[in-house]
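What follows is a short report on a single structure.
Below, chains carry the letters A, B, ... as their sequence lines are ordered, and counting in each starts from 1. Just so you know, these numbers use all the heavy atoms, side chains as well, and skip hydrogens, waters and symmetry mates.
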2 protein chains.
Amino acid sequence: MTSQKALSTTESGRKVKLTQDEQVYAHIFDAILEQRLAPGTKLNEESLGEIFGVSRTIIRRALSRLGHEQVVVLRPNRGAVVASPTTEEAKQIVYARRIVEKAVTELVIEHSTPEQLRLLRKQVQEEQQCFVQGDKGAGIRLSGEFHLKMAEMANNPPLLSFQRSLVSQCSLIIAQFELSNQSHCSYDEHFELIDAIERKDKDKAVSLMMHHLDHIEDKLNLDEEPASDNLREVFSNVLGNKS
Amino acid sequence: MTSQKALSTTESGRKVKLTQDEQVYAHIFDAILEQRLAPGTKLNEESLGEIFGVSRTIIRRALSRLGHEQVVVLRPNRGAVVASPTTEEAKQIVYARRIVEKAVTELVIEHSTPEQLRLLRKQVQEEQQCFVQGDKGAGIRLSGEFHLKMAEMANNPPLLSFQRSLVSQCSLIIAQFELSNQSHCSYDEHFELIDAIERKDKDKAVSLMMHHLDHIEDKLNLDEEPASDNLREVFSNVLGNKS
DNA sequence: ATATTCTTTAGTGTGTACAATAATGGGCGC
DNA sequence: GCGCCCATTATTGTACACACTAAAGAATAT
């Protein structure tokens, strides 16, 4: 190993240093956000180490961080798996997001500069592009990053870090509960939201944000539990015939 | 090492398993909450390892978790120190807590059972006892745990984990900004709050909670920056004479 | 045949050695 | 004497080896 750090480029073009575990963390995080890693997937430390060319020590740090953000579940002596929230947990997560998003929206209206809003709008255009071009994975990730950008603009680091955890968990929820043929089209609502923020129309902005979350929650009520490891439930119809 | 786990006793008397790093984490966490560890204190991995009789591996995990909760700051290649929030950061933390505490209070009114409230009241009595007996450290910790208990009763794990991070950071803030001769007497307000919750008086409960936070924030406006490592500011009077 | 226990094995948990880094103090030229 | 550079040292970062755990399959007794 020649160096502990590597150079990476942010969207602003500035070079920033990333430690190895941050890189691994980011890769796994993105894979989950882009739904390339399905809920319930086992995350084997040794395999991941080979994939990323680092020792288990680094993988462990990354998994530990993901664990703390509740994006993966760390089961003692039994390894890590991508979290698969139940409907109950999903509702709690969406509830928490409601609270955070309301505060974030209000803060953004108070604090954001026109330049920041311009960049935000540009990002939503990228998001739109992805969906149009059929790159659903990147689209979902950018959709999440819209909300992270908002939290950044709110200028409140503790809220941002909480939002980070909530957004990634929401992505998992969408991965589990969303009907595959049902498209997101979140970018429409994102554009509307930016418009309301520019007009400093707090009520409209907050209500748009709440609608946004309603859409997620609606799906939770429609579908029952997700396709899961609960065999008894999966074959309840058969059991019903027999008993 | 004969075993990876150890037995510990919770306040409810139930035996639970704690991994080594959880124990170390809890010890450091409590030390910070009880203000036995001052903001800015360097946390040397090897020293801590000797103190707790474990290897740096375990210490590292504990520090990493504390780092994620923003209770300690992890500076790459330069080790961990107990966080010392600026007034600016302190205000952001208190703001975040306002949002969370409001939601928690409302949820507790809706969800909590009489039995839970009885236990909560009992805990505040302990807190009172500590202050009366002059054990300020334990009092401050129990004061924090009151708010954690509330978040637990709100029955929303994501909110609880965020609250955990916020409460410990608030404890740091109090450690830095509070005038030493000024007593807390938080237990009075805690009793009032429980009363309001029992009456299901949402408005009163929320407003009590907000007042509680006002008290912290007031101090931030009174004192300027805390006694800190910023030498330029500490000697600004001298500089003023010279220039 | 079934249940129980033992054995095996894959994989996680921890300690430790070594590498890389940043801070400190001494040496050197000016 | 003053400032710069290099060596030294203390401390963190990483890899790896071994210890421990738990799950799966084989062997045995009932």
Side-chain angles (χ1 to χ4, degrees), chain A residues 1-8 15-28 37 40-68 70-83 229-231, chain B residues 1-8 15-28 37 40-68 70-84 229-232:
Chain A
M1 189 50 52
T2 53
S3 168
Q4 289 180 14
K5 312 229 171 141
L7 289 177
S8 173
K15 301 275 179 183
V16 291
K17 279 169 189 164
L18 283 180
T19 56
Q20 289 189 81
D21 44 84
E22 280 172 325
Q23 292 178 67
V24 172
Y25 163 83
H27 275 119
I28 301 177
L37 270 174
T41 306
K42 177 85 191 289
L43 299 170
N44 183 293
E45 296 180 0
E46 202 166 345
S47 314
L48 287 171
E50 282 170 21
I51 291 167
F52 291 109
V54 294
S55 81
R56 280 179 50 216
T57 308
I58 309 296
I59 302 297
R60 221 139 211 294
R61 278 180 70 87
L63 290 178
S64 153
R65 182 168 170 196
L66 289 162
H68 199 186
Q70 321 255 175
V71 180
V72 310
V73 176
L74 302 176
R75 305 163 304 175
N77 285 312
R78 302 194 44 227
V81 296
V82 179
D229 40 15
N230 189 340
L231 288 179
Chain B
M1 188 51 49
T2 54
S3 167
Q4 291 178 14
K5 312 228 172 139
L7 289 177
S8 172
K15 300 276 179 183
V16 291
K17 278 170 190 163
L18 284 180
T19 57
Q20 288 188 78
D21 45 83
E22 280 172 325
Q23 291 177 67
V24 171
Y25 163 82
H27 274 120
I28 301 177
L37 271 174
T41 306
K42 176 84 191 290
L43 299 171
N44 183 292
E45 295 181 359
E46 202 168 344
S47 314
L48 288 170
E50 282 170 21
I51 290 167
F52 291 108
V54 294
S55 81
R56 280 178 51 215
T57 309
I58 308 297
I59 303 296
R60 225 140 205 296
R61 280 180 70 87
L63 290 179
S64 153
R65 182 169 171 197
L66 289 162
H68 197 191
Q70 321 253 175
V71 180
V72 311
V73 176
L74 301 176
R75 303 162 305 174
N77 286 311
R78 301 193 45 229
V81 295
V82 178
S84 50
D229 41 15
N230 188 340
L231 289 179
R232 173 149 274 105

Pairwise distance NZ(Lys42(A)) to CZ(Arg78(A)) - rounded to 0.5 angstrom: 8.0 Å
Distance-only donor-acceptor test, Arg56(B) side-chain atoms vs dG13(D) base atoms, 3.5 Å: yes
Candidate pair Leu43(B) and Leu63(B), rule side-chain contact (heavy atoms from CB on, under 4.5 Å), full reasoning: CA-CA 9 Å; Leu43(B) 299 171; Leu63(B) 290 179; 3.9 Å; yes
Full working for side-chain contact (heavy atoms from CB on, under 4.5 Å) between Val24(A) and Leu48(A): CA-CA 9 Å; Val24(A) 172; Leu48(A) 287 171; over 6 Å; no
Nucleotide dT12(C), atom C1' - distance to CZ of Arg61(A) in whole Å: 18 Å
Below 4.0 Å: OP1/OP2 of dG15(C) and any side-chain N or O of Ser55(B): yes
Listing time: all N or O pairs from protein to nucleotides 5-11 of chain D that are below 3.5 Å?
none

From CD (Gln20(B)) to OG1 (Thr57(B)), nearest 0.5 Å: 10.0 Å
Whole-Å gap separating P (dT14(D)) and CZ (Phe52(A)): 15 Å
Whole angstrom value for the distance that separates P of dG15(C) from CZ of Arg60(B): 14 Å
Earlier contact from the 5' end, DNA chain D, for Thr57(A) and Leu43(B): Leu43(B)
Nucleotide dT12(D), atom P - distance to CG of Leu63(B) in whole Å: 9 Å
Taking every non-hydrogen atom, the tightest pair across Ser64(B) and Leu74(B): CA-CD1, 3.9 Å
Side-chain N or O of Gln20(A) closer than 4.0 Å to phosphate OP1/OP2 of dG13(D): no
Spacing between Ile58(B) atom CD1 and dA19(D) atom P, to the nearest angstrom: 16 Å
Straight-line distance of Arg75(A) CZ to Asn77(A) CG, nearest 0.5 Å: 11.0 Å
